[in-house]
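For reference, the structure discussed in these notes is given below.
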Amino acid sequence: MLLIHGMADDNVFLDNSTKVAARMQATATPFEMMFYPGYTHRVAGPGISEHVWGTILNFLDRTVKDKPVPEAAAAPAK
């Protein structure tokens with residue numbers, strides 16, 4: 001799991017993200033987290049958008065790329 005949080009977000013409070021992180025740690029569940037100080041729910045803008053998308057794409061390359069699709073997910077719906 002990748003958790004991205006704009007620290008000035010007035011919709012999702014930082015405390016909620018830290019509670020998620022604590023629960024993941026308590027259950028030994030691997031995750032990654034990236035904070036963006038001064039950004040709200042929409043982390044975007046010159047320079048920062050590239051960082052956000054680079055973080056997401058890097059995570060997906062490491063965790064999803066070249067992994068086989070489970071047979072049930074690959075089968076067409078009938």
| task | Kindly say whether Pro46 contributes a backbone atom to a donor-acceptor pair with the side chain of Ser49 at under 3.5 angstrom? | result | no
| query | Cluster question for you: counting only ILVMFWY and a side-chain heavy-atom cut-off of under 4.5 Å, with indirect links fine, are Val64 and Val52 together? | reply | yes
| task | Determine the minimum heavy-atom distance between Val43 and Tyr39, stating which atoms define it. | result | CG2-CB, 3.9 Å
| Minimum heavy-atom distance Ala8-Gly38, with the two atoms named | CB-C, 3.9 Å
| said: Checking Tyr36 now: which residues fulfil side-chain hydrogen bond (donor to acceptor under 3.5 Å, both in side chains) with it, not counting sequence neighbours? | reply: His51
| query | Can you hop from Met34 to Val20 via hydrophobic side chains spaced under 4.5 Å? | reply | no
| query | What about Ile4 and Phe31, same hydrophobic cluster or not, with Ile/Leu/Val/Met/Phe/Trp/Tyr joined at side-chain heavy-atom distances under 4.5 Å? | reply | no
| query | If you look at every heavy atom in Ala21 and Met33, which pair is closest and at what distance? | reply | CB-CE, 3.3 Å
| message | Minimum heavy-atom separation for Pro30 and Met24, please, with both atom names. | response | O-CE, 4.0 Å
| remark: dist Thr55:OG1 -> Asn58:CG (nearest 0.5 Å) comes out at 7.0 Å
| field | Nearest atoms (heavy-atom pairs only) where Thr29 meets Thr27 | value | OG1-OG1, 2.8 Å
| Which heavy-atom pair separates Phe59 from Leu2 by the least distance, and what is that distance? | CZ-N, 3.7 Å
| Are Ile48 and Phe35 connected in a single hydrophobic cluster, I mean Ile/Leu/Val/Met/Phe/Trp/Tyr linked by side-chain heavy atoms less than 4.5 Å apart? | no
| request: Identify, with sequence neighbours excluded, every residue that meets side chain to side chain contact (heavy atoms under 4.5 Å, CB included) alongside Asp10. | output: none
| message | Can you confirm whether Arg42 is buried at CZ, in the sense that more than 12 heavy atoms of other residues, nucleotides or ligands lie under 6.0 Å from that atom? | response | no
| query | Would you say Leu57 and Leu3 are hydrophobically clustered, going by side-chain heavy atoms of ILVMFWY under 4.5 Å? | reply | no
| request: Starting at NE2 of His5, measure out to CG of Asn16 and round the result to the nearest 0.5 Å. | output: 8.0 Å
